[in-house]
Amino acid sequence: MLDSKQLRADTENVARNLARRGFVLDLAAFRSFEERRKQVQIEADRLRSERNANAKAVGMAKGKGEDASALLKRGEELTQQLSSAETALDAVQAESDAWLMGLPNLLHDSVPEGRDESANVEVRRHGIPRSFEFTPVDHVDVGAKLGGLDFEAAGRISGSRFAVLRGGIARLHRALAQFMLDLHTGDHGYQEIYAPYIVSGDALTGTGQLPKFEQDLFALKGERALYLIPTAEVPVTNLVREQIMTPEQLPMRYVAHTPCFRSEAGAAGKDTRGMIRQHQFDKVELVHMVKPTESYAALEQLTAHAEEVLKRLELPYRVLALCAGDIGFGSSKTYDLEVWLPGQGKYREISSCSNCEAFQARRMQARWRNPETGKPEPLHTLNGSGVAVGRAMVAVLENYQNADGSVTVPAALRPYMGGIEALRPS
RNA sequence: GGAGAGAUGGCCGAGUGGUCGAAGGCGCACCCCUGCUAAGGGUGUAAGGGCCAAAAGCCCUUCGAGGGUUCGAAUCCCUCUCUCUCCGCCA
């Protein structure tokens with residue numbers, strides 16, 4: 001959510017900033033219901049003030065044993081007028097809130113211009129893609145040779161876009177998650193979090209998935225609006241919702257390994273083969289809550305922590321700064337990490353690291369007490385994958401494949417694989 | 001799943017229809033006094049929003065959430081959520 005004061009005071013600049021995303025801010029609509037809101041709110045406040053004074057007068061009159069019938073009559077009138085004023089205010093407020101909730105975050109100045117992913121800017125590259133003495137295949141074929149990567153069984157159980165892992169591949173998947181958690185808790189100073197996989201609509205509104213992106217979520221049947229998490233970002237970031245943190249409590253750095261559930265309603269026909277795009281996948285997520293002045297340093301740091309996973313796995317990757325048109329709804333600035341996939345012959349997204357500044361904090365009412373002002377102010381939140389476990393496994397299978405169908409286990413993972421050096425066809 | 005109790009400010013805790021945004025305590029901040037293995041006194045101390053260019057100031061909202069009764073609700077009624085205790089069941 002944007003700062004409504006800023007929106008009112010600095011409307012032109014906000015509009016200009018959002019236009020970089022290709023988002024058209026309807027200034028006329030905003031000004032019109034802003035005008036109406038002001039009018040109705042002032043009137044409602046005035047009526048309430050008068051009603052309160054009147055009710056007090058009734059109390060005093062009765063206390064003194066005086067006749068209060070005129071005051072009572074006035075009170076009835078006021079209550080009636082107030083009731084209609086409040087109905088009007090609620091309507092305007094609801095309209096204004098819905099509009100405000102639909103506005104994306106402001107972009108940081110350093111975000112490159114551009115309409116779509118083709119304009120993303122490569123910031124750096126690490127590692128050199130291995131040259132194969134044979135033609136490398138994609139992870140589906142690697143898995144088929146190896147055995148243990150079963151999309152057919154998953155189809156019978158759940159439908160398309162699910163996978164069943166067996167044996168060594170299942171263990172490799174688990175090893176990756178364990179390795180990442182240990183790296184971030186041990187070397188990077190994160191606190192590990194185990195959080196609910198089912199969350200309320202409020203939590204999702206806080207991080208920005210609702211109300212706009214409900215079609216991407218799996219909703220649970222039942223009386224209450226509950227959803228499966230699309231990312232651990234939701235429960236973990238919401239840890240600070242409706243809290244006021246002291247300066248000493250910041251920064252907070254959390255890591256969580258969770259499954260993620262996405263209906264991917266808009267992605268039909270994309271990446272239908274293999275494990276790249278699934279309804280259910282595991283991810284190790286990094287979340288920071290920081291002082292506003294520190295959030296851009298934190299973004300660099302968080303991104304470096306995610307990169308370290310790929311470095312230790314010795315997987316070639318590149319870092320992109322997303323352009324204005326490709327950046328997510330709630331983010332001010334995002335780096336994507338793309339890992340090299342020999343089977344596809346290209347780099348594919350494996351992590352996305354974002355500084356949401358105060359966008360989520362405002363929605364969640366997550367604040368910190370700024371010692372300079374003495375007042376609670378929205379803190380800044382960041383999140384990034386560190387990294388997607390399923391896609392990391394895809395990358396390992398493809399980059400470490402051998403001519404005989406075996407897959408070498410990356411050195412960093414061997415302690416988690418009982419020391420074995422390779423997965424071999426069974 | 002059954003039975004009961006509860007939800008008040010950073011924390012504890014009073015408050016059953018009217019000057020209650022809320023006694024008292026703790027904590028915290030500042031000041032004063034005193035002076036040595038500590039204590040005493042005073043003052044202040046919620047959040048959100050509106051009017052205003054802004055500050056000051058004024059106003060509104062908030063006692064788990066939502067609705068209702070009333071001139072007036074922390075207080076009465078209804079619904080929901082959460083917490084605790086006991087029983088049952090289970091991992």
Side-chain angles (χ1 to χ4, degrees), chain A residues 1-14 30-31 33-101 194-206 220 222-227 235 238-250 358 360-379:
Chain A
M1 186 163 68
L2 300 184
D3 181 358
S4 53
K5 279 183 188 155
Q6 185 189 4
L7 189 57
R8 261 176 250 149
D10 200 16
T11 318
E12 304 293 339
N13 280 325
V14 170
F30 170 62
R31 294 204 168 108
F33 64 58
E34 191 47 26
E35 197 46 50
R36 230 177 328 139
R37 194 219 85 234
K38 196 183 279 194
Q39 212 178 349
V40 178
Q41 183 163 359
I42 290 171
E43 176 65 1
D45 278 3
R46 209 211 83 230
L47 283 167
R48 244 186 251 112
S49 174
E50 195 181 339
R51 181 208 56 185
N52 292 348
N54 187 263
K56 235 171 224 184
V58 173
M60 286 196 284
K62 286 198 169 175
K64 290 187 211 152
E66 294 168 1
D67 174 34
S69 57
L71 291 170
L72 289 177
K73 184 157 176 278
R74 178 67 187 139
E76 265 175 73
E77 286 167 21
L78 285 168
T79 299
Q80 218 163 40
Q81 287 172 32
L82 180 60
S83 153
S84 61
E86 280 181 333
T87 306
L89 181 59
D90 286 349
V92 181
Q93 203 79 260
E95 187 184 359
S96 162
D97 285 353
W99 185 80
L100 205 56
M101 282 301 208
Y194 171 81
Y197 304 156
I198 292 173
V199 294
S200 68
D202 284 345
L204 287 154
T205 302
L220 268 46
E223 309 266 304
R224 292 207 289 149
L226 292 173
Y227 302 83
N238 273 283
L239 284 172
V240 291
R241 85 174 352 247
E242 290 157 42
Q243 303 284 311
I244 301 173
M245 314 313 299
T246 63
E248 298 76 45
Q249 288 173 291
L250 303 177
Q360 296 180 321
R362 259 183 234 110
R363 291 173 164 242
M364 295 187 298
Q365 290 184 72
R367 294 149 293 170
W368 74 298
R369 197 171 293 278
N370 184 346
E372 282 173 32
T373 60
K375 301 239 171 187
E377 296 171 9
L379 44 75

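In what follows, chains are A, B, ... by sequence order, proteins preceding strands, each numbered from 1. Bear in mind the structure is a predicted one, so any value in this text is a computation, not a measurement.
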Side-chain heavy-atom pair A/V199, A/N238 within 4.5 angstrom cut-off: no
Testing B/rC60, B/rC51, B/rG49 for proximity to the side chain of A/R48, the answer is B/rC60
Which whole number of Å gives the distance between the P atom of B/rA3 and that of B/rG13? 28 Å
With a 3.5 Å limit on both atom pairs, tell me what B/rU19 is paired to, counting Watson-Crick and G-U wobble, or say none. none
Rounding to the closest angstrom, what is the interatomic distance between B/rU37 and B/rU43 at atom C1'? 29 Å
Rounded interatomic separation in angstrom, taking CG from A/D202 and C1' from B/rG66: 13 Å
Let me know the distance between CZ of A/R363 and P of B/rG48, rounded to the nearest Å. 18 Å
Given B/rG48, is OP1 or OP2 found less than 4.0 Å from the side-chain N or O atoms of A/R367? yes
In whole angstrom, what separates A/M60's CE from B/rC20's P? 11 Å
Identified side-chain hydrogen bond (donor to acceptor under 3.5 Å, both in side chains) partner of A/Q41 from the options A/R37, A/Q39, A/E43: A/R37
Can you tell me the base-pairing partner of B/rC51? Count Watson-Crick or G-U wobble geometry only, both distances below 3.5 Å, and say none if there is no partner. B/rG57
Scan every strand shown for a Watson-Crick or G-U wobble partner of B/rA5, both distances under 3.5 Å, and answer none if you come up empty. B/rU83
How long is the gap from CD on A/Q365 to CD on A/Q243, to the nearest 0.5 Å? 11.0 Å
Rounded interatomic separation in angstrom, taking CD from A/Q41 and P from B/rC59: 16 Å
For the C1' atoms, the ones on B/rA29 and on B/rA22, what distance do you get once it is rounded to whole angstrom? 22 Å
Between A/R8 and B/rG50, is there a side-chain N or O to OP1/OP2 distance below 4.0 Å? yes
When all nucleic acid strands are considered with a 4.0 Å heavy-atom cut-off, which category describes A/K375: base, sugar-phosphate, or nothing? nothing
Mind checking the P distance from B/rG48 to B/rA56? Whole angstroms is fine. 15 Å
Could you check which of B/rC71, B/rG50, B/rC59 has an atom nearest any side-chain atom of A/S49? B/rC59
Any heavy-atom pair between the side chains of A/K375 and A/R367 that's under 4.5 Å? no
Please give the distance between the P atoms of B/rC12 and B/rA7 as a whole number of Å. 12 Å
Residues A/D67 and A/S69: side-chain donor-acceptor under 3.5 angstrom: yes
Atom-pair distance (CD on A/Q81; P on B/rC71), nearest Å: 15 Å
Using Watson-Crick or G-U wobble geometry with both distances under 3.5 Å, which nucleotide pairs with B/rU34? none
Rounded to whole angstrom, note down the P distance from B/rU75 over to B/rU19. 13 Å
C1' gap between B/rU61 and B/rG88, integer Å: 45 Å
Across the strands shown, which category fits A/G59 at heavy-atom distances under 4.0 angstrom: base, sugar-phosphate, nothing? base
According to a strict under-4.0 Å criterion, is A/R224 in side-chain N/O contact with OP1 or OP2 of B/rC82? yes
Hey, which sits more toward the 5' end of RNA chain B by its nearest nucleotide, A/Q365 or A/K73? A/Q365
Between CG of A/D3 and C1' of B/rG49 the distance, given in whole Å, is 13 Å
Presence of A/T79 side-chain N/O under 4.0 Å of B/rU70 phosphate oxygens OP1/OP2: no
C1' gap between B/rG6 and B/rA54, integer Å: 47 Å
Heavy-atom count check: over 12 atoms from other residues, nucleotides or ligands less than 6.0 Å from A/E77 CD? yes
Roughly, in whole Å, what's the span from CG in A/D90 to P in B/rC60? 18 Å
A/D45 has a side chain; which of B/rA47, B/rC60, B/rU61 sits nearest to it? B/rC60
In the structure shown, which nucleotide is the Watson-Crick or G-U wobble counterpart of B/rU70, with both distances under 3.5 Å? none
Mind calculating the distance between NZ (A/K62) and P (B/rG18) to the nearest angstrom? 11 Å
Within the structure, does a side-chain N or O atom of A/R369 lie under 4.0 Å from either OP1 or OP2 of B/rC28? no
Check this for me: does any side-chain nitrogen of one of A/K38 and A/E35 sit under 4.0 Å from a carboxylate oxygen of the other? no
Could you identify the nucleotide paired to B/rC28, looking across every strand shown and requiring Watson-Crick or G-U wobble geometry with both distances under 3.5 Å? B/rG44
Want to settle it: does A/A53 or A/L71 sit nearer the 5' end of RNA chain B, counting the closest nucleotide to each? A/A53
Of the nucleotides B/rA47, B/rU61, B/rC51, which one has an atom closest to the side chain of A/K38? B/rC51
Is there a side-chain polar atom (N or O) of A/N52 under 4.0 Å from OP1 or OP2 of B/rU19? no
Out of B/rG49, B/rA47, B/rU19, minimum distance to the side chain of A/K56 belongs to B/rU19
So what's B/rG88 paired with, Watson-Crick or G-U wobble, going by both distances under 3.5 Å? none
Shortest non-hydrogen contact between A/W368 and A/P371, atoms and distance: CZ3-CD, 3.7 Å
What's the closest nucleotide to the side chain of A/R51 if the choices are B/rC71, B/rA47, B/rC51? B/rC71
